[in-house]
Amino acid sequence: MELPQTPTSLCCCRKSIPGSGPPGAPNRLSGNQNRPQGGPPGPRSPPLEDVASASNFRAFRLLHFHLDLRLNFAVKEMSGWLVLDLVPVQPGVQTLVLDSHPSLLVRSIDCKVPGTGTGTGLEEPVSLTYRVDPFTDYGSALSISLPPAVRTGRMIRVTVRYTTTDGPAVWWLDPDLTCGRSRPLVFTQGHSVCNRSFFPCFDTPAVKSSYSASVRVPDGVTVLMSASRTSYSQPDRVFQFSMEFPVPSYLVALVAGDLDHVDLGPRSRVWAEPCLLPCAVKNLGGSVERWLAVAEEMFGPYLWGRCDLVFLPPSFPIVAMENPCLTFIIASILESSDFLLIDVVHEISHGWFGNAVTNATWEEMWLSEGLATYAQRRVTSQACGEAFTCLETVVRLDALHRQLRLLGEDNPVSKLQVKFEPGVNPSSLMNLFTYEKGFCFVSYLSELCGDVKRFDQFLRDYIQEFKFQSVVSQDFISYFLRYFPELQEAAVAEREGLEFERWLSGSGPPPFEPDLSAGQSLIQPVQDLCDLWTTSDPPDPSRLRPFDLSAWNTFQVVLFLDRMLDRSPLPPGVMSSLSSCYSTLFDGLNAEVQIRWLQMVVRNSFYPDLPRVRAFLHKHTSRMYTVPLYEDLVAGVMKCVAMEIFCQTQRRLHPNLRRTLQQLLFGPGLAPPPDLATPPAPATPTLNGSAPSSPLETAAAMATAATATAAIALRDVNVSA
């Protein structure tokens with residue numbers, strides 16, 4: 001997954017906002033009365049800063065909402081209405097505040113209040129006044145004045161008629177941007193706080209509800225949503241959807257286009273454009289049902305009915321998204337069976353951790369990502385062997401420590417509980433720490449338990465206790481200590497250096513990492529080869545013969561390249577020998593391998609392999625592969641090359657990605673100069689406008705470039721949502 005920039009402005013503000021769950025559910029956000037003496041501090045509550053609706057969402061219980069939409073591909077517009085069934089739970093509420101976005105145009109709002117009809121038994125809709133106020137650069141506040149007849153505890157129905165176009169959640173693709181290049185496609189992506197541009201909502205994970213939808217489309221268009229039941233009316237071209245379980249707004253998703261499917265099993269199906277479908281089916285086979293069964297054995301019944309997957313064109317902005325019933329995955333990942341395995345199992349794991357039990361605030365995203373990563377590795381250990389799982393974990397923990405070296409161990413983003421400052425976009429916390437430091441904390445709790453099977457049962461019971469609710473860290477920790485009273489009596493939460501509070505609020509590396517020695521048979525050859533290349537200049541070919549990279553799995557090759565990248569810039573002779581030995585092999589491997597090799601090419605200014613960089617960027621238009629490589633090109637001595645490639649390929653890039661690269665290459669708000677339509681490649685590599693005077697100067701320039709790319713190294717790692 002291509003990850004956002006690390007936030008630089010964070011503070012220690014705390015707000016207390018009760019959350020909401022299904023009717024009759026206990027309020028898990030208003031405090032925990034069973035916190036053990038001597039345990040960690042009380043629960044933290046959702047901050048006010050990430051949602052405009054936080055000013056009053058606690059005043060309502062959202063029972064259900066319905067979307068009725070018409071998709072117009074010609075003008076790239078969704079139009080229709082949203083119906084909210086709400087119960088005021090606080091007296092004297094006069095205003096309903098929803099999260100919205102400037103790309104969303106509200107046309108009218110009305111309200112039905114039971115008991116206010118004209119004697120016919122039907123409520124009369126009352127037209128409501130409203131205003132849209134600026135909130136942050138990622139949203140607006142839609143404030144709706146409610147009628148005087150609203151009473152506490154009595155349901156009201158609010159209808160918002162609106163139109164939305166191309167906000168951050170809604171991605172319209174012209175035919176040229178799809179895999180088949182014949183028909184347009186549209187998809188939505190709501191994580192973390194983007195769905196406010198899809199429909200007005202309480203855009204916070206603390207609020208959950210069921211939903212339904214009706215979507216009208218032109219002929220030949222198939223619509224899918226993250227819902228548990230669907231139907232289709234052929235004469236009206238209307239697709240009907242229903243999600244019966246409560247979900248947060250960010251998990252509502254839609255895709256519409258030329259899509260076909262093949263059943264993988266009794267509850268799993270793969271969807272894709274027809275040209276892509278055979279490849280997707282071949283790579284998945286019956287694996288989804290097998291992985292589901294392994295996860296169910298550990299964590300309890302899969303709650304969502306369907307476990308379908310849809311593969312989307314390279315414009316999909318992240319690797320994968322765990323939308324209930326229908327996981328969204330970028331098609332590019334089909335090139336690597338190992339990465340496809342990890343991504344699919346990770347999203348399946350979110351069916352329990354993140355979707356069923358959700359972090360109530362984005363400040364504690366580890367409750368979703370850390371637990372899902374732990375569950376993913378429990379499943380892959382069973383399905384693929386412990387050695388493979390340890391290897392994958394080493395790749396990710398290497399990336400975590402690399403990021404810590406670049407950011408500094410006191411950087412607040414490395415905390416599991418990051419405190420927002422007003423205006424900080426919650427999406428900026430989608431980083432390795434929520435995944436890997438969170439995983440290490442869960443692994444530590446499993447280690448304290450002393451029996452991994454018993455810990456599986458704890459997680460199974462945790463899901464049963466909190467399913468369809470939103471929780472904070474203290475809910476999880478308090479339940480853990482009650483579940484294992486012997487650990488509570490031993491005061492494990494206060495062990496010096498491993499205090500639970502230090503895990504949650506302390507910056508820096510994880511205080512504990514699991515034993516990964518079971519992966520040594522796969523990891524040690526990688527380290528031996530790295531040592532060979534970095535201790536010789538270059539190594540004797542006879543010493544390389546025992547290392548057959550063509551027989552390695554993808555994560556071994558990735559680990560080798562990551563560790564060689566850590567040691568770049570390399571001596572010119574080493575880069576030349578590496579290219580002679582491996583570049584042809586890498587050409588035939590997947591994009592996860594190729595991008596790392598090409599980053600080595602760029603960071604070492606190895607011009608003989610520059611044509612491979614050009615070919616890669618002409619082929620790949622995925623954000624997760626283009627942005628890191630362009631950033632390396634711009635930070636080094638190849639900015640002219642980057643400008644040339646961009647100008648040749650920009651028409652095949654999604655407008656959002658095109659804008660990102662334009663800002664990177666030409667500065668904010670600037671477009672490429674007219675004379676760069678087809679610029680010639682530089683005859684001689686330049687440094688600050690002049691030719692390098694010596695190899696030493698070039699090496700120094702690359703060292704400076706490596707420092708300049710420190711802030712973006714987080715994006716070099718594939719991570720699913």
Side-chain angles (χ1 to χ4, degrees), residues 335-339 384-399 401-402 405 515-613 615-616 632 636 694-696 698-700 702-703 705-706 713 716-717:
E335 291 189 7
S336 170
S337 58
D338 290 336
F339 276 85
C384 309
E386 197 172 353
F388 172 84
T389 299
C390 288
L391 169 66
E392 183 262 335
T393 305
V394 165
V395 171
R396 307 296 194 184
L397 289 179
D398 264 19
H401 290 288
R402 184 178 306 117
R405 290 194 299 271
D515 178 13
L516 302 175
S517 58
Q520 279 304 103
S521 61
L522 298 174
I523 299 164
Q524 193 58 51
V526 176
Q527 187 57 47
D528 291 343
L529 184 59
C530 287
D531 293 340
L532 192 59
W533 277 103
T534 53
T535 56
S536 306
D537 186 16
D540 187 290
S542 62
R543 300 180 65 190
L544 296 174
R545 291 192 189 105
F547 301 94
D548 181 9
L549 269 64
S550 64
W552 283 8
N553 68 42
T554 297
F555 280 107
Q556 285 180 293
V557 181
V558 162
L559 183 62
F560 169 66
L561 291 173
D562 279 346
R563 291 187 173 180
M564 293 300 291
L565 270 168
D566 285 342
R567 304 180 190 199
S568 292
L570 301 168
V574 171
M575 272 303 298
S576 180
S577 296
L578 279 166
S579 179
S580 298
C581 289
Y582 304 128
S583 59
T584 302
L585 170 66
F586 295 155
D587 286 344
L589 297 181
N590 54 72
E592 292 292 337
V593 170
Q594 289 181 31
I595 190 173
R596 286 166 168 84
W597 168 245
L598 297 177
Q599 285 183 290
M600 284 186 62
V601 167
V602 172
R603 292 184 190 182
N604 285 276
S605 290
F606 187 67
Y607 281 88
D609 271 2
L610 186 57
R612 288 183 162 91
V613 177
F616 184 88
D632 280 349
S694 67
L696 182 61
T698 300
M702 292 310 297
D716 298 345
V717 182

Legend entry - Check: Asn553 main-chain N/O paired with Gln556 side-chain donor or acceptor under 3.5 Å: yes
Legend entry - Closest contact, heavy atoms only, Asn604 versus Pro569: OD1-CA, 3.1 Å
Inset, instruction - Starting at CG of Leu549, measure out to CG of Leu561 and round the result to the nearest 0.5 Å. - result: 8.0 Å
Inset, instruction - Flag the pair Leu397 / Leu516 as yes when at least one side-chain heavy-atom distance between them is below 4.5 Å, and no otherwise. - result: yes
Inset, instruction - Please test Phe547 against Leu532 for side chain to side chain contact (heavy atoms under 4.5 Å, CB included), starting from the C-alpha separation and ending with a verdict. - result: CA-CA 11 Å; Phe547 301 94; Leu532 192 59; 4.0 Å; yes
Legend entry - Residues Asp528 and Arg543 bridged, charged N to O under 4.0 Å: no
Inset, instruction - Provide the closest heavy-atom pair for Leu610 versus Val601 in the form atom of the first, atom of the second, distance. - result: N-CG1, 4.4 Å
Inset, instruction - First locate atom CZ of Arg563, then atom CZ of Arg402, and finally report the distance between them rounded to the nearest 0.5 Å. - result: 9.0 Å
Inset, instruction - For Leu559 and Gln527, run side chain to side chain contact (heavy atoms under 4.5 Å, CB included): C-alpha distance rounded to whole Å, both residues' side-chain angles, the deciding distance at 0.1 Å, then the answer. - result: CA-CA 9 Å; Leu559 183 62; Gln527 187 57 47; over 6 Å; no
Legend entry - Side chain proximity check, Val526 to Trp552, heavy atoms < 4.5 angstrom: yes
Legend entry - Steps toward side chain to side chain contact (heavy atoms under 4.5 Å, CB included) verdict (Phe606, Leu578): CA-CA 11 Å; Phe606 187 67; Leu578 279 166; over 6 Å; no
Legend entry - Asp609 with Arg612: basic N within carboxylate O range, under 4.0 Å: yes
Inset, instruction - Please answer whether the main-chain N or O of Met575 pairs with a side-chain N or O of Ser579 as donor and acceptor at a distance below 3.5 Å. - result: no
Legend entry - Cys390 to Ile523 - nearest heavy-atom pair and separation: O-CD1, 4.2 Å
Legend entry - Flag for Arg603-Ser568: side-chain donor and acceptor within less than 3.5 Å: no
Inset, instruction - Check whether any side-chain N or O of Ser576 sits under 3.5 Å from a backbone N or O of Pro572 as a donor-acceptor pair, and report yes or no. - result: no
Inset, instruction - To the nearest 0.5 Å, tell me how far Tyr582 OH sits from Met600 CE. - result: 10.5 Å
Legend entry - Distance-only polar pair, side chains of Ser550 and Asp548, donor-acceptor under 3.5 Å: yes
Inset, instruction - Compare every heavy atom of Cys530 with every heavy atom of Phe560, then report the nearest pair and how far apart it is. - result: CD1-SG, 3.5 Å
Inset, instruction - Evaluate the side chain to side chain contact (heavy atoms under 4.5 Å, CB included) criterion for residues Val394 and Phe555: first the C-alpha distance (whole Å), next the side-chain angles of each, then the deciding distance (0.1 Å), finally the verdict. - result: CA-CA 9 Å; Val394 165; Phe555 280 107; over 6 Å; no
Legend entry - Rounded distance (nearest 0.5 Å) linking atom CG of Asp398 with atom OG1 of Thr393: 11.0 Å
Inset, instruction - Kindly compute the distance separating CG (Leu522) from CD (Glu386), expressed to the nearest 0.5 Å. - result: 11.5 Å
Legend entry - Under 3.5 Å donor-acceptor, Glu335 side chain and Leu589 backbone: no
Legend entry - Nearest non-hydrogen partners of Asp562 and Arg596, listed with the distance: OD1-NE, 2.9 Å
Legend entry - Distance, nearest 0.5 Å, that separates OG1 of Thr554 from CD of Glu392: 12.0 Å
Inset, instruction - Taking all non-hydrogen atoms of both residues into account, name the closest pair between Leu544 and Cys581 and its distance. - result: CD1-SG, 3.9 Å
